[in-house]
Every structure is written in structure tokens, then in C-alpha cells.
A.B. asks: 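Have a look at this one before I ask anything.
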There are 2 protein chains.
Amino acid sequence: MPEFTTLEHENLNKAVYGALCDALIQGRFQPGDRLKIRDLAEQFGISVTPIRDAILRLANDEAIIFRSPRDIRIPDLSEGRYREIRAIRIKLEGLAAETAAQVATSADIEVLERILCENEKAIEAGDRLKGAELNQAFHFMLPQIAGLPVLNGILRRLWLQMGPHISDAYLPGGRAMIDHHYPVVEALKRHDSGAASMAIVDDILLGGKPILERIERGAERKAL
Amino acid sequence: MPEFTTLEHENLNKAVYGALCDALIQGRFQPGDRLKIRDLAEQFGISVTPIRDAILRLANDEAIIFRSPRDIRIPDLSEGRYREIRAIRIKLEGLAAETAAQVATSADIEVLERILCENEKAIEAGDRLKGAELNQAFHFMLPQIAGLPVLNGILRRLWLQMGPHISDAYLPGGRAMIDHHYPVVEALKRHDSGAASMAIVDDILLGGKPILERIERGAERKAL
DNA sequence: ACAAGATATTTGATGCATCTTTTTTGAACT
DNA sequence: AGTTCAAAAAAGATGCATCAAATATCTTGT
């Protein structure tokens, strides 16, 4: 019985979608930025159809919004919405960590440890983008180890929605973005579901502080 | 600060998407059914572009799959995937019920009671589609009462993915689909978060039994 | 300088043609 | 009857023209 997955076959639509996702997550777009289908078509050197496909998909992901039928924007992230996303992540990533702790292999743990090692180097080098990318890779490994593709899809979308805030919060966050990864890995080694779940929840809460601070500062700027 | 929502403005694309969603949830498609963009364009009496838009969106929702670049199908739902969806729903709808219990107004509770009353009539009349629709309305009310739009979006997508199984499981499920709704409402009246969460979890587990039985029977048929 | 209204330009939605790839059908052979 | 191969048909992706609605700009008046 084949699993319920979207086939990853290559076409312009997917390539554009991937590029726009990367740009969102890397903070290359800012809240309020306007996207125009014809502009992007010109930048990518292709017709409007695959751009339009990718844009509609991102709107479905709630990573971009149609402020009106002709006005496509990068949305801001309200404090309320961020808190909701964080509460959802706590529940879902907690579930993923719990399940991953039950089934993780030595190979899985090696991958996680390699990610941590590279992330130490990124922090050392002040490489904000690399660090944010590795942080995401770590979080995305847990549902993969746990064998939870549906949850993986949900998490991917939540990451897109937080995108413009993540990489900017990374350096201010410093070690807060990585310190709790170690106890997660230790709990996986011991097959300790409870400890894994608690550690990832701590990571989400601690890692969320600089994001909340950034959102609050953004709200203050808007109120001026 | 505007909330992060997709604006609901009217166009053919959205109309088609809504119609296909309804068809999925009402079990008018069966797992394995093939969709063809040109066929649907002919049925809806419009060009392929808005059909294609809607199809790509449903693929993004993981409600339909591209088995290959030219073969669009309604996916089956494996037992493993259904169990995962159920585990995610337990976490998220538990969170929604818990939060809804804190903030529910008398008006909210009246809406839920009206849904229950109508569902009693649907069960009495053996109206499978009406009953499934009201069951969904009940579950979707909780994130709305709780003020959790992100969670609402996740739940909508999960419902689409279970779509072809839900309405068929409704009559076999009988009162199992509705009995636990009453304690949920009672807990909301008392603002009892713990009880609301436990009751919705019970509802999901009990209501999931006929769906699991259906999936197991489907797997048996495929093994023949 | 600001506001209101008119005009011009822009922008997304949709229809449709074309291309390439995939699927289906038919013929031949065993 | 079943298999294999070739040919025909079909199907999604993409390019692009057109339309209508929305946005931006300009002009006029206060």
C-alpha cells in the first residue's frame, strides 16, 4: 500500500515554489512586502503560469496572503498567532519527540549529532542563515525518525508561516536555539519518551523568546 | 493588526475547490478514482485553468495525489496514516477543547447545542450526509470558539484527507459519532478545561473505531 | 498642502493553443 | 489467452493573449 504522499516530480512550478519557500524562511522577504506575478516571472525568466501556481500554493500554505484580489503580500505575524503556532508545535513536536524516542536507531542519532556539531560551528562563525537552516533540519528530523509524514507536512507549513521571523531571531537567540537540542538527543539515546517530549517543549519555549521579542518590537514600531 | 488569513474573495478557482472539497468529504469520490483536468473542465463548463488551480491546491492539501505527472488519483488511507491523523487530532482538538472551555460564551454553547439537536434528527432519519456534515460542524466549532485559526486550518486539511472514509463510517458508527459531544458541551458550560479535553479525545477514539474497521476491511479486499 | 475625482496603468483570472510526456489501444506473435 | 511492441490518443505543464477590476497617477478645486 503506497503511503499518502505528494509525488516530487520536477517542473517549473515546483522549482519556483521551492525557491520562494527558501526566500521566506531565510528572511529575504519582509512582512508587508508585495509580490507581483509578472515581476517574479521576469525575475525567474519564465511565464506567469508556474509563478501563479507557486503563489497560489503559498497562499494555501498561509505563508503569503491576498490582501485583495490584486494585492499579494507577505503577512506580518501577530503575537496571538505566533503564540498559537507555538502551542501547536508544543503538542505536535512533543508527540514527534515522544514517538521518535521509541524508535530511534543509532543511525538516526548520528544524523542528529552531526547536525548539532555543524550548528556549533555555525554559531561560532556567526552564520545566521546556516544556523537557522540546521535548527530547522533538527526539528524536521524528529517527525521523520518517528515515521510521521502528516505531522511533518504540518510542521513544514508552520515553519513557512514563521519564516520571516526565524532567521532574524537566530543570532539574538544565540545558544538558546541549540542548548535544548542536546537533552533531546540524550533522551532519544535512552529511549526516554517523556524526557524527549519535555526537552523539545523546553527548546520550543526557550527558542521562542527572541521571536516573541522581535514580534513585540515590530508591534511597537507599528504603533509609533 | 490584521490577522493572518486568506481573504475569501470569489472566483472560479475557489468555487471549484469548494465543490471538490464537498465531494471528497461527502464520499462522492472513492480511493483510487482518477481525476482528469479536462474532464472536470467539461463537467463544470469552464476552462482548464481554474480546474488546474483547484487540483493543485488539493494536492497541496494532500487530499489528492499525483501518482505520476499525468495520473491524478484519490488516495487510499492506510491504517498507519489514519492512526497518525487520529493522534494529531487528539493533541490538537484536545488543545482546542481545553481553550474553548476557558472562553466559551452562552451564544457559543447555544450553537453547539443546536448542532447536536439537528444531529439527533439526522441520526433518527438515517441521513448519513447530514449527520457527517453536522459532526464536522461540531468539531470545527471548537477551534473557532477557542480563537485558533491556525489550528482550524490544520483540522480542515485533516478532514479532507479522511474525507472518503468519514461519511461511509457515519451510519455504522451510529451514536458513537455523537454521544461524546454532550460531555464536551457540558464541560464547556462548566468552563472545565480538563473535562472538555478528555471528552473530545474520547469522542475521537470512539468515533475512530468504525473508520479503522472500514480501513481494515478495505485492506482485506485489496489483499484478496 | 490636501482632498476629490478622473484617467491611465497595472495586475490577477481565465481561456486556449502548443508541446512533451504518459497512457491507452491495437496488432502481431506465441 | 496472454505478452510484447508500436502507434495513436490523451493528459498535464507552460506560454501568452485578453478581459475586467483594482491600483496608481494626474488634474483640479479649496
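Keep in mind it's a predicted model, so treat the numbers as computed, not measured. Note on naming: letters A, B, ... go to the chains in the order of the sequence lines (proteins, then strands), and numbering restarts at 1 for each one.
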A.B. asks: Using atom NZ of B:Lys14 as one end and atom C1' of C:dT14 as the other, report the distance to the nearest whole Å.
C.D. replies: 15 Å
A.B. asks: Quick one: closest heavy-atom pair of A:Ser78 and A:Ile215, and the distance?
C.D. replies: C-CG2, 4.1 Å
A.B. asks: For D:dG12, take OP1 and OP2 only and decide whether either is under 4.0 Å from a side-chain N or O of B:Arg67.
C.D. replies: no
A.B. asks: Once you round it to whole Å, what is the distance between C1' of C:dA13 and CZ of B:Arg57?
C.D. replies: 15 Å
A.B. asks: Need one value for B:Leu40: base, sugar-phosphate or nothing, where a base atom within 4.0 Å counts as base even if backbone is also close, heavy atoms only.
C.D. replies: nothing
A.B. asks: Among C:dT11, D:dT14, C:dT14, which nucleotide sits nearest the side chain of B:Arg52?
C.D. replies: D:dT14
A.B. asks: Measure from CZ on A:Arg73 to P on C:dT11 and round the result to the nearest Å.
C.D. replies: 11 Å
A.B. asks: Using a 4.5 Å cut-off on heavy atoms from C-beta on, say whether the side chain of A:Lys36 contacts that of A:Gln43.
C.D. replies: no
A.B. asks: Atom pairs under 3.5 Å, N or O on each side, protein against nucleotides 20-22 of chain D: can you list them with distances?
C.D. replies:
{"unit_1": "D:dA21", "atom_1": "N3", "unit_2": "A:Arg70", "atom_2": "NE", "d": "3.4"}

A.B. asks: B:Leu160 pairs by side-chain contact (heavy atoms from CB on, under 4.5 Å) with which of B:Ile166, B:Ile25, B:Ile64, B:Leu155?
C.D. replies: B:Ile25
A.B. asks: So which heavy atom on A:Pro210 is nearest to which on A:Met177, and how close?
C.D. replies: CG-SD, 4.2 Å
A.B. asks: For B:Asp127, which residues count as a side chain to side chain donor-acceptor pair (under 3.5 Å) partner, sequence neighbours excluded?
C.D. replies: none
A.B. asks: Starting at atom NZ of A:Lys36, determine the distance to atom C1' of C:dG12, rounded to an integer number of angstrom.
C.D. replies: 12 Å
A.B. asks: Write down the distance between CD (A:Glu42) and P (C:dT10), rounded to a whole number of angstrom.
C.D. replies: 12 Å
A.B. asks: Out of B:Asp53, B:Asp61, B:Asn11, which one pairs with B:Tyr17 under the side chain to side chain donor-acceptor pair (under 3.5 Å) rule?
C.D. replies: B:Asp61
A.B. asks: Starting at atom CZ of B:Arg34, determine the distance to atom C1' of C:dT23, rounded to an integer number of angstrom.
C.D. replies: 7 Å
A.B. asks: Please tabulate, one pair per line, each protein N/O and nucleotide N/O from nucleotides 15-19 of chain C that are separated by under 3.5 Å, including the distance.
C.D. replies:
{"unit_1": "C:dG15", "atom_1": "OP2", "unit_2": "B:Ser47", "atom_2": "N", "d": "2.9"}
{"unit_1": "C:dG15", "atom_1": "OP2", "unit_2": "B:Ser47", "atom_2": "OG", "d": "2.4"}
{"unit_1": "C:dG15", "atom_1": "O5'", "unit_2": "B:Ser47", "atom_2": "OG", "d": "3.3"}
{"unit_1": "C:dG15", "atom_1": "N7", "unit_2": "B:Thr49", "atom_2": "OG1", "d": "2.7"}
{"unit_1": "C:dC16", "atom_1": "N4", "unit_2": "B:Thr49", "atom_2": "OG1", "d": "3.4"}

A.B. asks: Give A:Leu35 one of three labels, base, sugar-phosphate or nothing, depending on what nucleic acid heavy atoms sit under 4.0 Å from its own.
C.D. replies: sugar-phosphate
A.B. asks: Report the residues that fulfil side chain to side chain donor-acceptor pair (under 3.5 Å) with B:Arg83, sequence neighbours left out, ordered by chain and then residue number.
C.D. replies: B:Glu79
A.B. asks: With heavy atoms under 4.0 Å as the rule, sort A:Ile55 into base, sugar-phosphate or nothing.
C.D. replies: nothing
A.B. asks: Please tabulate, for side-chain N and O atoms in residues 135-151 of chain A, each donor-acceptor pair with protein atoms closer than 3.5 Å (sequence neighbours left out).
C.D. replies:
{"unit_1": "A:Asn135", "atom_1": "OD1", "unit_2": "A:His181", "atom_2": "NE2", "d": "3.2"}
{"unit_1": "A:His139", "atom_1": "ND1", "unit_2": "A:Glu93", "atom_2": "OE1", "d": "2.6"}
{"unit_1": "A:His139", "atom_1": "NE2", "unit_2": "A:Asp203", "atom_2": "OD2", "d": "2.9"}

A.B. asks: B:Asn11 side chain: which of C:dT14, D:dA24, C:dG12 is closest?
C.D. replies: C:dT14
A.B. asks: Applying side chain to side chain donor-acceptor pair (under 3.5 Å), can you list everything that pairs with B:Arg128, at least two apart in sequence or on another chain?
C.D. replies: B:Ser167, B:Asp168
